[in-house]
Amino acid sequence: MSRLKSILNYALKELVGYGFRLVGLVYLLKFRNRNTAVLVVLNYHNFSDYSNYAIRRGSLLSSGHRANFEKQAKWLKKHFKFVNPANFYEHSTDNGLQVFLTFDDGYKDNIEIAFPILDKYNLLAAFFIVSNIPDSNQWLWHDKIRYLVSTTRLESAKSELVLKNLNLGKEPDPVFLKEVKDLESTLPHHRLMMNWDEIQHLKQHGFIIGSHTHTHSPFKFLSPEKRIEEMDLSRQTMASKLNGDISFFAYPNGLYDDDCHSLMKEYGVKYAFTTNPGFNRQNESPLEIKRIGINASDSIGVLLIKLFLNSGK
């Protein structure tokens, strides 16, 4: 029954998306926002078959969707002007919808799949790096869970609920944390993330490299001292490896609070990105930039649905 439901939901989304394209909804969105400057930030993560699936999940260790991501890139390039958030917030920009792309966490498939396409179409993007991960085979916590689910070592529904609740600001149950910890020895030695040479390559080609903290620890669960430690280590590592700063920052799991504003300013962060969905205006805080989550596997119709549903936020 659940598989049938997945098939029907997928078919419905594709049908609605196709209808939106057919009636030219993108032109309506552009027309409605023609008189003011609007920044639309699209948020990607990886290209794994586990995360980018239509009906059935694939393997966490395999990546794809190159052709579909290029379709997205061509469509975005055709319909929208791309803008650096620094120009959007600090200078006078054209009215209308303007787009910027972000990629969280620093996955290896970002340089293997996204980079050549972004470079080909001259698209502006930022990559947010968890600074203790490059040059290692370490995995982020959520990837450990997803691999363990895919190999039936963890129960799927419970694990997905934990991840969903985490994004809503709820700390995982200590019993579940221990369960994951006890199973870590079963993870394969497989490099999921970029190394520093690859990140440097992105920077040399004009892409922005931002901080995603040092260990991807959600700020909401950290003491003031631990937040400072995360920022210190991230800044030191970025300076050492890239001779760069952390003026661009993405909150892990999108979790932040009012105290984060002063912390960002203290560390020279000018543009901080949330996972709150919506469009951005110039009179809104650049330390709470909204983003719309996109999968590399999304059809143009589904991408358009996501834009439409978040256009009023």
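Atoms considered below: every heavy atom in the structure, side chains included; atoms not considered: hydrogens, waters and symmetry mates.
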Trainee: Only pairs at least two apart or in different chains count here, so list each salt bridge (charged side-chain N to carboxylate O under 4.0 Å, His left out) that has a residue in residues 140-149.
Mentor: K144-E184
Trainee: Under a 4.5 Å cut-off applied to non-hydrogen side-chain atoms, are V26 and L304 in contact?
Mentor: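 Touching, per the 4.5 Å side-chain cut-off.
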Trainee: Among all residues two or more places apart in sequence or in another chain, which pass the salt bridge (Lys or Arg N to Asp or Glu O under 4.0 Å) test with K226?
Mentor: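 Expected list: E229.
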Trainee: Go through the structure and list residues passing side-chain contact (heavy atoms from CB on, under 4.5 Å) with D232, not counting sequence neighbours.
Mentor: I228, R235, Q236, Y267
Trainee: For residues 89-100, which residue pairs pass the salt bridge (charged side-chain N to carboxylate O under 4.0 Å, His left out) check, not counting sequence neighbours?
Mentor: K81-D94
Trainee: Anything under 30° is parallel, anything over 60° is perpendicular, the rest tilted; go ahead and classify F308 against F20.
Mentor: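 Perpendicular: the ring planes of F308 and F20 meet at over 60°.
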Trainee: Listing request: all ring-ring contact (aromatic ring centres under 6.0 Å, His included) pairs with a residue in residues 162-199, at least two apart in sequence or in separate chains.
Mentor: none
Trainee: Within the distance-only criterion (no hydrogens, no angle test), does the side chain of N52 pair as donor or acceptor with the backbone N or O of N46 below 3.5 angstrom?
Mentor: yes
Trainee: Less than 4.5 Å apart, any side-chain heavy atom of H45 and any of L140?
Mentor: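 SC-SC contact between H45 and L140 ruled out.
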Trainee: Which pair of non-hydrogen atoms, one from P172 and one from L166, has the smallest distance, and what is that distance?
Mentor: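 Scanning both residues completely, I find the closest heavy atoms to be CD-CD1, 4.2 Å.
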Trainee: Can you sort out the partners of E70 under side-chain contact (heavy atoms from CB on, under 4.5 Å), two or more places apart, ordered by chain and number?
Mentor: K74, I117, K120, Y121
Trainee: Could you pull out all residues at least two apart from D298 that satisfy salt bridge (Lys or Arg N to Asp or Glu O under 4.0 Å)?
Mentor: K306
Trainee: Once side chain to side chain donor-acceptor pair (under 3.5 Å) is applied, do any residues pair with D119, and if so which ones, sequence neighbours excluded?
Mentor: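 Applying side chain to side chain donor-acceptor pair (under 3.5 Å) to D119 gives none.
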Trainee: Taking side chain as C-beta onward, heavy atoms only, is I294 less than 4.5 Å from Q72?
Mentor: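 Yes. Closest side-chain heavy atoms under 4.5 Å.
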Trainee: For S234 and H214, which I'm curious about, is there any donor-acceptor pair between the side chains at under 3.5 Å?
Mentor: no
Trainee: Would a distance-only check, ignoring hydrogens and angles, find a side-chain to backbone donor-acceptor pair under 3.5 Å from D105 to Y107?
Mentor: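 A pair under 3.5 Å: no.
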Trainee: In a check of side-chain contact (heavy atoms from CB on, under 4.5 Å) between P188 and each of L60, N137, L61, which one passes?
Mentor: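 Answer to the side-chain contact (heavy atoms from CB on, under 4.5 Å) test with P188 among L60, N137, L61: L61.
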Trainee: Treating R291 as the side-chain partner and T274 as the backbone partner, does any N or O pair qualify as donor plus acceptor under 3.5 Å?
Mentor: yes
Trainee: Given the rule in the side chain to side chain donor-acceptor pair (under 3.5 Å) test, do N253 and N167 qualify, once you have shown the distances and angles that lead to the verdict?
Mentor: CA-CA 5 Å; N253 295 95; N167 290 333; 2.8 Å; yes
Trainee: Do the non-hydrogen side-chain atoms of P134 and M194 ever get within less than 4.5 Å of each other?
Mentor: no
Trainee: Please report the closest heavy-atom contact between A86 and Y271, naming both atoms and the distance.
Mentor: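 Looking at all heavy atoms of both residues, the closest pair is CA-OH, 3.3 Å.
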Trainee: Find the distance between CZ (R191) and OG (S136) and round it off to the nearest 0.5 Å.
Mentor: 9.5 Å
Trainee: Can you find a pair of side-chain heavy atoms, one from S159 and one from L148, that are under 4.5 Å apart?
Mentor: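 No, too far: nothing below the 4.5 Å cut-off.
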Trainee: Are F219 and Y256, when compared by the centres of their aromatic rings, separated by less than 6.0 Å?
Mentor: no
Trainee: Any chance CZ of F221 has more than 12 other-residue heavy atoms, nucleotides or ligands included, within less than 6.0 Å?
Mentor: yes
Trainee: Any side-chain to backbone donor/acceptor pair from N310 onto P277? Under 3.5 Å, distance only.
Mentor: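 No, N310 side chain to P277 backbone: no donor-acceptor pair under 3.5 Å.
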Trainee: For residues H65 and D49, determine if any side-chain heavy atom of one lies less than 4.5 Å from a side-chain heavy atom of the other.
Mentor: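 Yes - at least one pair of side-chain heavy atoms lies under 4.5 Å apart.
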Trainee: Please determine whether residues M264 and V130 belong to a single hydrophobic cluster, defined as Ile, Leu, Val, Met, Phe, Trp and Tyr linked transitively by side-chain heavy-atom distances below 4.5 Å.
Mentor: no
Trainee: What I'd like to find out is whether the side chain of W75 reaches to under 4.5 Å of the side chain of F80, using heavy atoms alone.
Mentor: yes
Trainee: Strictly by modelled atom types, are D135 and N195 linked by a side-chain donor-acceptor pair under 3.5 Å?
Mentor: no
Trainee: For E14, enumerate each residue passing the salt bridge (Lys or Arg N to Asp or Glu O under 4.0 Å) test, keeping only those at least two apart in sequence or located in another chain.
Mentor: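 Here no residue qualifies.
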Trainee: Going by an N to O cut-off under 4.0 Å, is there a salt bridge joining K158 and D173?
Mentor: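 Looking at D173 together with K158, the answer is no, because their closest N to O distance does not fall below 4.0 Å.
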Trainee: Hey, could you give me the NZ/CG distance between K290 and N280, rounded to the nearest 0.5 Å?
Mentor: 5.5 Å
Trainee: If you compare all heavy atoms of L118 against all heavy atoms of A125, which two are closest, and at what distance to 0.1 Å?
Mentor: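 That closest heavy-atom pairing would be CD1-CB, 4.0 Å.
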Trainee: Of all the heavy-atom pairs spanning S297 and Y53, show the shortest one and how long it is.
Mentor: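 The pair with the smallest heavy-atom distance is OG-N, 4.0 Å.
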Trainee: Over all heavy atoms of both residues, which pair between L101 and L123 is shortest? Give the atoms and the distance, please.
Mentor: CD1-CD1, 4.4 Å
Trainee: Donor-acceptor pair, E284 side chain versus I289 backbone, under 3.5 Å?
Mentor: no
Trainee: Any side-chain heavy atom of N165 within less than 4.5 Å of one from L161?
Mentor: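 N165 vs L161: side chains touch.
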Trainee: Please check if the number of heavy atoms outside K30 that lie under 6.0 Å from its NZ is greater than 12.
Mentor: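 Buried by this count: over 12 neighbours within 6.0 Å.
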Trainee: If you take all heavy atoms of R227 and K220, which pair is closest and at what distance?
Mentor: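 For R227 and K220, the tightest heavy-atom pair comes out as NH2-CA, 4.0 Å.
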Trainee: Taking side-chain contact (heavy atoms from CB on, under 4.5 Å) as the criterion, tell me which of F248, Y44, F128, F127 meets it with T102.
Mentor: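 Among F248, Y44, F128, F127, the one that satisfies the side-chain contact (heavy atoms from CB on, under 4.5 Å) with T102 is F128.
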Trainee: Please check this pair: side chain of T186 against backbone of L183, looking for a donor-acceptor N/O pair closer than 3.5 Å.
Mentor: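 Such a contact is found between T186 side chain and L183 backbone.
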Trainee: Tell me whether N243 at atom CG has more than 12 heavy atoms from other residues, nucleotides or ligands lying less than 6.0 Å away.
Mentor: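 Not more than 12 within 6.0 Å, no.
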Trainee: Applying side chain to side chain donor-acceptor pair (under 3.5 Å), can you list everything that pairs with K13, at least two apart in sequence or on another chain?
Mentor: none
Trainee: Go through the structure and list residues passing salt bridge (Lys or Arg N to Asp or Glu O under 4.0 Å) with R21, not counting sequence neighbours.
Mentor: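 In terms of salt bridge (Lys or Arg N to Asp or Glu O under 4.0 Å), with neighbours along the sequence ignored, R21 is linked to no residue.
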Trainee: Check whether F31 and F279 end up in the same hydrophobic cluster, where Ile, Leu, Val, Met, Phe, Trp and Tyr are linked by side-chain heavy atoms less than 4.5 Å apart.
Mentor: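 Unlinked, F31 and F279 end up in two clusters.
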Trainee: Are F249 and Y251 close enough that their ring centers fall under 6.0 Å?
Mentor: yes
Trainee: About how many Å separate CE of M193 and CD of E198, when rounded to the nearest 0.5 Å?
Mentor: 11.5 Å
Trainee: Which pairs, with at least one residue in residues 142-164 and sequence neighbours excluded, count as a ring-ring contact (aromatic ring centres under 6.0 Å, His included)?
Mentor: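 Passing the test, one end in residues 142-164: W139-Y147, H142-H216.
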